[in-house]
Number of protein chains: 2
Amino acid sequence: MSTQSIFAPAQIGRAGEDIAMQLEAAILGEKILPGERLPSERELQTQFQCGRGVIREAIRALKQKGLVEIRKGAKGGAYVKNIEMTNVGESLALFLKQQRVAPGHIVEFRESIDRVIVVLAIARASAAEKQALIAETEKLLEILEGETPDRDSLARQDQILNIALAKMSRNPIFEWVMTAIQQGFSSHDYALYDDPVYCRKTVENWHATACRIAENDPMKALNSISAHYGLLHRCVENQKAESKNVSADGPDTAQVS
Amino acid sequence: MSTQSIFAPAQIGRAGEDIAMQLEAAILGEKILPGERLPSERELQTQFQCGRGVIREAIRALKQKGLVEIRKGAKGGAYVKNIEMTNVGESLALFLKQQRVAPGHIVEFRESIDRVIVVLAIARASAAEKQALIAETEKLLEILEGETPDRDSLARQDQILNIALAKMSRNPIFEWVMTAIQQGFSSHDYALYDDPVYCRKTVENWHATACRIAENDPMKALNSISAHYGLLHRCVENQKAESKNVSADGPDTAQVS
DNA sequence: AGCAAGAGAATGGTACTACCAAACAAAAGA
DNA sequence: TCTTTTGTTTGGTAGTACCATTCTCTTGCT
């Protein structure tokens, strides 16, 4: 009943953007709550006094932002939903890709974030959570010891660990940042697990870090984190060096310096 | 070197998304370089063998992601551009708004980021940049001393300072994070400048921080940062207390039938 | 009565046409 | 040569028609 009055026709310039803004404002202002439906395209068409194409473009914009989910058929339409962290991460990933941000920058950023997260996690997470984190690292060890230590499983478990740790910081922003970075640059972590030498060290280091956290020993935990990123940094450097040599020489197995 | 061969008609399901993906892939894969133009809507229409509306929706999606910029008129069309940090920040701002992330979390996150940035800036930025930073803080002082210390000017200068400092870290990711957070939560900073007491302290603190950075004294600089966020934290707490006293009136909860 | 098949309606997805407005380019005129 | 006009290209919008999907309600059979 109320949607008839909250929208106004838009004559000026780019009507599509204007409509998208009105709809977005209605959603963010909680005029339309998550789970509820926007009026159908044809209804909006009459309310806004414009063509259906304009409405469609506006709704597509909202969909791209992750504000709504679109269903077909009767009772279909644009349903308001909660924004997921992955949606935001996607745009960051795009940015990182296009700007060709150096892997070293990512590593540096992640290390600084992780250091803060670890301190917060030690201070705030429950003992149960800390034990659970150790259990997850042990899963990682099991995968490594198993007969088929495939890279994907390791990488996935690594992601789970990172997110779990971020959650323990009790600050959703750290959790989001970690998710976004993982999404945008998981490829470099994979590289770490491709090399058998780095792989073993990394896994053991994860376990050690989790233990230090459970022991509520921030200093030692930070040392473990530093070690982890030291490995990652060297690995990235090796990759960089390799990719330069590939043209002249065959791909050589990476070695520890 | 023609776009006639790199795109394929899409029959399956949501043709619009398929086309958007193809175009995005072409851009990210550098088939079309920044500054160049996508074919016109009508050309793409024939290449993809579909209606113009579908093409438009696909291009609008790219525009929303910040991948292209659309111009009207002859020689108009969708021009590939570099993604700007503000585009990515927008989606983060949406997320923070919708998830109702507590201001305290933002303050905590910003403080931890700023601490890292300050250390990096001291280590990496040139002396000239550090002097420039001090000059910017002095501008802030001037605005405050001036006859019309309006909040907007102060807030704008505050943003400039934050971004400038982030740039000095020589890591674009920190710069982006700072931009994104500013965009998403400038309102809380504004609050700091609304209160005359906090305002003066904050401005003086900014100046002190810049000086500590120029002196290459990380410890004292970090102390300044802590002081800044201590102020911000108290300010946010005050606001929270105030808003609780007001909220008895009840927010107007408009709802849709 | 109960269940299944089918008809109907609502809704997004697509195609096509027509026209407008803006921006640029080339021709025409001073 | 410079200015004005005209034309062309291109995005922006309106409107219509039709299809595919999904839900609902009716019909009809058991």
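Chain A is the first sequence line, chain B the second, and so forth, proteins listed ahead of strands; every chain is numbered from 1.
- With a 4.5 Å cut-off on side-chain heavy atoms, Leu154(A) and Leu140(A) count as touching.
- Considering only side-chain atoms of Arg56(B), the nucleotide from dT14(C), dA15(C), dG11(D) that sits closest is dG11(D).
- Among the heavy atoms of the strands, none lies under 4.0 Å from Gly53(A).
- In this structure, of dC23(D), dT13(D), dG12(C), it is dG12(C) that holds the atom nearest to the side chain of Arg42(A).
- Between Ile55(A) atom CD1 and dA14(D) atom P the separation is 8 Å, expressed in whole Å.
- For Ser40(B), the listed nucleotide lying nearest its side chain is dT10(D); candidates were dG13(C), dG12(D), dT10(D).
- At a cut-off of 3.5 angstrom, the base of dG15(D) holds no donor-acceptor pair with the side chain of Arg52(A).
- The phosphate of dT11(C) has OP1 or OP2 within less than 4.0 Å of a side-chain N or O from Arg37(A).
- Applying the 4.0 Å criterion to OP1 and OP2 of dA23(C), one finds that Arg71(B) has every side-chain N and O outside that range.
- Nearer the 5' end of DNA chain D, as judged by each residue's closest nucleotide, is the contact made by Glu57(A), out of Glu57(A) and Ala74(A).
- Look at Lys75(B) and you'll find a side-chain N or O under 4.0 angstrom from OP1 or OP2 of dA25(C).
- For the pair Glu41(A) CD and dA14(D) C1', the computed distance is 15 Å after rounding to whole Å.
- The side chain of Val54(A) sits closest to dA14(D) out of dG12(D), dA14(D), dT11(C).
- Taking the charged nitrogens against the carboxylate oxygens, Lys97(B) and Glu24(A) have no contact shorter than 4.0 Å, which rules out a salt bridge.
- With salt bridges taken as basic N to acidic carboxylate O contacts below 4.0 Å, one links Glu108(B) and Arg124(A).
- Applying the side-chain hydrogen bond (donor to acceptor under 3.5 Å, both in side chains) test between Arg52(B) and each of Glu57(B), Glu41(B), Gln45(B) identifies Glu41(B) as the sole match.
- Among the protein residues, Ile59(A) comes within range of no part of the nucleic acid, since none of its heavy atoms lies under 4.0 Å from any strand.
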